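Some notes on the structure that comes next.
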Amino acid sequence: MTQKWKPETYLIYEKDRSRPALDLLSQIDLDTDGGIVDLGCGPGNITKIIKDNWPDRKLTGIDISEEMISEAKKKYQKSNICWEKADITHWTSDEKLALVFSNAALQWIPNHEVLFLKLLKNLKSKGTLGIQVPITKKLYFQEAIHKLSSLPKWAKYFENVKQINNSIKVNQIYQILSSHCKDINIWKTNYYHVLTGNSPVTEWIKGTGLTPYLSLLSRPDKKIFLDEYKQLVNNLYPKQEDKKTILKMKRLFIIARKK
Ligand SMILES: C[S@@+](CC[C@H](N)C(=O)[O-])C[C@H]1O[C@@H](n2cnc3c(N)ncnc32)[C@H](O)[C@@H]1O
C-alpha cells in the first residue's frame, strides 16, 4: 500500500508537534562518541534540531515516505545531514551508533519486542535510545477513524490499511531494556494542544493517522470521507468559549543507555 504523507499538511501544527520531541531531546545527553540516526524523521525539522545539538556528529534521517524525505532534503540541503528513504522495519546501521532517536514514528511499526532488540543492537556500548510515541488508544479521534472506516461503504477501500500499532507495552519493553541498559528513564505526559480553526482536530489528524486512509480514496470520495469525519470529530471536541479547540494527547517517552 502506498501511504502518501504530505509534509505541508503535517507541518501546519509544527510548533505543537515539535514540543514532545524537544522535551525528549532535553533529557538526552550523550555519553559516547559516534553517529546518530533519526528514525521516521518526517520533513526533517526535528532532525535539524538534533544536528544543531550535536553539529560534529554524523547524522542520518530515515523515512519511508518519498515526499517527506524529498522535503527534508530540499529544506535542509546545506545542513550536512544524510537522508535515506528506508523502512524502519528493515533498517540497520553500517556502524554502531551513539544515539538512536525516534519521535512519533515507532507507533507505525509492528512487533515492538523485535524492534527494540534491533534498535539496541545498532547502539554502541554507552549509546542512547531516545523514543517518543503518541498513545492513541482510547483517543476520541482514533476511535472516530475506526468507527467511520468500519462502515461497509468505506471498509471495502481499507482492507489493506496498516493500522497504527499502538501497543508499546511498558512492562514488556522494560524487560528488554533492563537486560541491556542502565539509566532507564520512562514517562508519560499529557499535552493539551490549543488549536484554532473550524475543524482543527481533523486538520491535525489529516497529517498523521488519516494518511493511510486518505491515500486510498479518489479525490471526490476523500472529500466525502473527510466531511463525515469532521462531523464526528467536531462533536467529540467541542469548541471552548474563545472558539479554540483543546486536543489532549498522551505521549510515552523512553530513554535508556546501553550497558
Ligand atoms: C508523525 S510523523 C513524525 C515525523 C518526525 N519524526 C517528527 O517528529 O516530526 C511519522 C513519520 O514516520 C514515518 N514512517 C511511518 N512508518 C515508517 C516506516 N515503516 N519506516 C520509516 N518511516 C516510517 C512517516 O513517513 C512519517 O514521516
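On a predicted model such as this, the values are computed, not experimentally measured, just so you know. Because only heavy atoms are used, hydrogens play no part in the values below, and waters and symmetry mates are left out as well, while side chains stay in. Counting starts at 1 for both ligands and their atoms, in listed order.
A donor-acceptor contact shorter than 3.5 Å links the side chain of K239 to the backbone of N198.
Short contacts between ligand 1 and A86, defined as distances under 4.0 Å to a heavy atom of the residue, involve ligand atoms 20 (N), 21 (C). Near A105, with a cut-off below 4.0 Å to any heavy atom, the atoms of ligand 1 are 12 (O). Taking every non-hydrogen atom of I46 and a distance limit under 4.0 Å, the qualifying atoms of ligand 1 come out as 7 (C), 8 (O), 9 (O). Listed by number with element, the atoms of ligand 1 under 4.0 angstrom from any heavy atom of D87 are 18 (C), 19 (N), 20 (N). Close approach of ligand 1 to W108 (heavy-atom distance below 4.0 Å) involves ligand atoms 15 (C), 16 (N). Within ligand 1, counting atoms from 1 as listed, the ones closer than 4.0 Å to a heavy atom of G42 are 4 (C), 27 (O). Those atoms of ligand 1 that come under 4.0 Å of a heavy atom in M68, given as number and element, are 27 (O).
Below 3.5 Å of separation, one finds an N or O of D63 facing an N or O of ligand 1.
Defined by atom type and a distance below 3.5 Å, a donor-acceptor pair is missing between the side-chain atoms of D31 and T128.
At a heavy-atom distance under 4.0 Å, no atom of S18 approaches ligand 1. At a heavy-atom distance under 4.0 Å, only side-chain atoms of I109, from C-beta outward, approach ligand 1. Proximity of S102 to ligand 1, defined as any heavy-atom pair under 4.0 Å, is not found for any part of the residue.
Under the side-chain hydrogen bond (donor to acceptor under 3.5 Å, both in side chains) criterion, S102 pairs with no residue at all, not counting sequence neighbours. Judged as a side chain to side chain contact (heavy atoms under 4.5 Å, CB included), and not counting sequence neighbours, the contacts of D242 are Q240, K244.
Here the closest non-hydrogen pair linking L216 and Y157 is CD1-O, 3.5 Å.
Ring orientation note: the planes of F225 and Y213 are close to parallel, at an angle under 30° on the 30°/60° scale. Classified by interplanar angle (parallel below 30°, tilted 30° to 60°, perpendicular above 60°), the ring pair F116/H112 is perpendicular.
Only one option out of R251, Q132, R17 pairs with N103 in a side chain to side chain donor-acceptor pair (under 3.5 Å); it is Q132.
A heavy-atom distance below 4.5 Å is not found between the side chains of K258 and L129.
Under the 4.0 angstrom criterion for non-hydrogen atoms, A104 is in contact with ligand 1.
Closest heavy-atom approach to atom 22 (N) of ligand 1 among the candidates T211, I64, N103, T89: I64.
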